Amino acid sequence: MTRTDPSRNTRTASRRKVLISGGGVAGPALAFWLNRHGFAVTVVEKASTLRGGGYPVDVRGTALEVVRRMGILPRLRDAHIDLRRLTFLAEDGSKVASIHPHTVTGGVAGRDLEVRRGDLTEALYTAGRDDVEYLFDDSIDTLDQSGHGVDVTFRAGGRRTFDMVVGADGLHSRTRELLFGPEERFHRYLGHCFAGFTMRNTFGLSHELMMWNTPGRAAALYAVGDHDDVHTLLNFAHPEPPFDAFRNPQAQRDLVASVFADAGWEVPGMLAALRDADDLFFDAVGQIRMPRWSSGRVALVGDAAYAPSFLTGQGSSLALVGAYMLAHSLAGRDHAAGFAAYEQSTRAFVTVNQEQIGEGGAALFPATARALEQRNDMLRRLSTLPPSEGRPAHSALTLPEFTPVT
Ligand SMILES: Cc1cc2nc3c(=O)[nH]c(=O)nc-3n(C[C@H](O)[C@H](O)[C@H](O)COP(=O)(O)OP(=O)(O)OC[C@H]3O[C@@H](n4cnc5c(N)ncnc54)[C@H](O)[C@@H]3O)c2cc1C
């Protein structure tokens, strides 16, 4: 286990202690804001280090104000990917339509951000790390709330007591499982699976995404910049989540290869790259919907509580806004009142953004020939429209002011 040492450790004795599980997007953002509100914060992350690079994520609407208040907006503007074009292709590889990305995503040119996930996590981590204790290469083993706090045992062997614990450990959250039971109860499967990985950019693509579709299948090449690599996405309709494949990378490769076996365009080369990819990411496309986000002294934030699926492009923004609202709700309140205030202030924003799947993303992956034809007609119309002015859902929450602790 590696750890960082917060410079203000000597002041932590009288402060309320919070353990956050997960050092992705929601975890470091929550750690930053809880620290600003006077809490002593520890983050436990199962990976041995913060991971750089990664697929691109969006920061939009209200979430932009969160990162502005954290002082990292200029850094994220420098990391902005500036995707310039989406080109949609038919089964034979011919062009259907070429449009500006914001026309589909509802983003606003010059305002909203798209950055590599690793650039976002690095900026969030750097903003708070001097005042937060980070434990890498470790995770929560057990949680016991029977006393006056939460007794935590760690996989690496330690045992400590915290006033509160927050699960920011992503879509397949272990904290959620410990607290509320199996994922199946809260996972709303959206009928698709996807495989993502990187391969060499032998296509001459730059700042653009190309997507090939047949009914129920999509293959995309996403050139984030002028780099040597492209991100690939192979998305396909599947009636039930393929549970057997989730823990078996070879089964994932085999499933994807069989679904795309007769596909044209650049897909044969993508399947060849898939065989050797060392960064394969395979999952079901789904949302997490929960009736409550906390139980006792333990709460959830980000994908763990309300993953909206990548079809909305709002996962990172919900994680950032949720982290800010949770920290603000706990300031000056005990855990019960604070967690209730968090849900009360944030749930409507989460719900309206989870409902955006029909607006953009899902329409990109039609499952029938008729739906694909309708989508293509829509794309041809969109290609003639003026740039997007943003979706109301992205800004449907106004952040309360931050009041520093005195
Ligand atoms: C292929 C893909 C494309 C996406 N595209 C977009 C997009 O365009 N726009 C967008 O906004 N979002 C996108 N997302 C979603 C986005 O990445 C997430 O919604 C967002 O990162 C949520 O942040 P989080 O902190 O809640 O969870 P995560 O970012 O998943 O972070 C969870 C962290 O918890 C750690 N962890 C997990 N289990 C444990 C454990 N037991 N103990 C300790 N640590 C643990 C993990 O290592 C990780 O660091 C995409 C996701 C995928 C997979």
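Small disclaimer: the values here were computed from a predicted structure and weren't measured.
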Check whether any side-chain heavy atom of [X] lies under 4.5 Å from a side-chain heavy atom of [Y], and answer yes or no.
| X | Y | result |
| --- | --- | --- |
| Tyr342 | His328 | no |
| Leu120 | Leu76 | yes |
| Leu234 | Met270 | yes |
| Leu135 | Glu133 | yes |
| Arg69 | Glu401 | yes |
| Leu19 | Arg160 | no |
| Met210 | Trp265 | yes |
| Met199 | Leu274 | no |

Counting N and O atoms only, with roles assigned by atom type, does the side chain of [X] sit under 3.5 Å from a partner on the main chain of [Y], one being a donor and the other an acceptor?
| X | Y | answer |
| --- | --- | --- |
| His80 | Glu114 | yes |
| Arg253 | Ala277 | yes |
| Glu45 | Phe136 | no |
| Arg15 | Gly38 | yes |
| Arg116 | Ile81 | no |
| Trp212 | Glu91 | yes |
| Ser317 | Gln314 | no |
| Asn353 | Phe349 | yes |
| Arg188 | Gly286 | no |
| Arg36 | Ala31 | no |

So which heavy atom on [X] is nearest to which on [Y], and how close?
| X | Y | value |
| --- | --- | --- |
| Gly61 | Ser395 | CA-OG, 3.4 Å |
| Ala26 | Gly302 | CB-CA, 4.1 Å |
| Asp229 | Arg200 | OD1-CA, 3.9 Å |
| Gly322 | Tyr306 | CA-OH, 3.3 Å |
| Pro28 | Leu124 | CB-CB, 3.8 Å |
| Val25 | Ala319 | CG1-CB, 4.0 Å |

For the side chain to side chain contact (heavy atoms under 4.5 Å, CB included) test, which of [options] pairs with [X]?
| X | options | value |
| --- | --- | --- |
| Asp303 | Ser173, Ser316, Pro308 | Pro308 |
| Trp293 | Val301, Val298, Thr346, Val166 | Thr346 |
| Trp33 | Val66, Leu330, Leu326 | Val66 |

Requested in this report: Might you work through the side chain to side chain contact (heavy atoms under 4.5 Å, CB included) test for Met164 and Arg16, ending with a clear yes or no?
Outcome: CA-CA 8 Å; Met164 283 168 264; Arg16 283 192 286 167; 3.6 Å; yes
Query - Residues Arg217, Asp262; criterion salt bridge (charged side-chain N to carboxylate O under 4.0 Å, His left out); working and verdict - result: CA-CA 11 Å; Arg217 295 187 300 183; Asp262 63 342; 2.8 Å; yes
Query - Set of salt bridge (charged side-chain N to carboxylate O under 4.0 Å, His left out) partners for Arg185, sequence neighbours left out - result: none
Query - Any residue meeting side chain to side chain contact (heavy atoms under 4.5 Å, CB included) with Ser98, in chain and number order, not counting sequence neighbours - result: Arg85, Thr87, Lys95
Requested in this report: Tell me, with the steps shown, if Asp82 and Arg84 meet salt bridge (charged side-chain N to carboxylate O under 4.0 Å, His left out).
Outcome: CA-CA 6 Å; Asp82 190 22; Arg84 294 168 197 158; 3.2 Å; yes
Rounded to the nearest 0.5 Å, how far does [atom2] of [Y] lie from [atom1] of [X]?
| X | Y | atom1 | atom2 | result |
| --- | --- | --- | --- | --- |
| Leu190 | His238 | CG | NE2 | 15.0 Å |
| Leu399 | Met325 | CG | CE | 6.5 Å |
| Asp144 | Thr153 | CG | OG1 | 9.0 Å |
| Met211 | Leu379 | CE | CG | 9.5 Å |
| Asp138 | Ser48 | CG | OG | 12.0 Å |
| Glu373 | Arg370 | CD | CZ | 10.0 Å |

Query raised in the report: Passes ring-ring contact (aromatic ring centres under 6.0 Å, His included), Phe365 versus Phe236? Steps please.
Result: CA-CA 8 Å; Phe365 306 118; Phe236 57 98; over 10 Å; no
Query raised in the report: Run the side chain to side chain contact (heavy atoms under 4.5 Å, CB included) check on Asn201 and Asp228 step by step: do they pass?
Result: CA-CA 5 Å; Asn201 184 358; Asp228 291 342; 5.6 Å; no
Query - Ring-ring centroid check Phe194 Phe310, cutoff 6.0 Å - result: yes
Query raised in the report: What about Phe197 and His231, are their ring centers closer than 6.0 Å?
Result: no
Side chains of [Y] and [X]: any donor to acceptor distance under 3.5 Å?
| X | Y | result |
| --- | --- | --- |
| Thr161 | Asp151 | yes |
| Gln356 | Thr312 | no |
| His192 | Asn235 | yes |
| Asp254 | Gln250 | yes |

Report summary line: For residues 269-293, the salt bridge (Lys or Arg N to Asp or Glu O under 4.0 Å) pairs (sequence neighbours left out) are none
Query raised in the report: Counting only heavy atoms not in Gln344, do more than 12 sit closer than 6.0 Å to its CD atom?
Result: no
Report task. Go through the steps for Asp78 and Arg75 under the test salt bridge (charged side-chain N to carboxylate O under 4.0 Å, His left out), then give the verdict. Result -> CA-CA 5 Å; Asp78 287 345; Arg75 177 177 173 164; over 6 Å; no
Requested in this report: Show the numbers, then the answer: is there a salt bridge (charged side-chain N to carboxylate O under 4.0 Å, His left out) between Lys17 and Asp163?
Outcome: CA-CA 5 Å; Lys17 295 202 266 302; Asp163 295 291; 5.2 Å; no
Query raised in the report: Step by step, would you call His172 with Phe246 a ring-ring contact (aromatic ring centres under 6.0 Å, His included)?
Result: CA-CA 11 Å; His172 304 298; Phe246 286 132; 7.1 Å; no
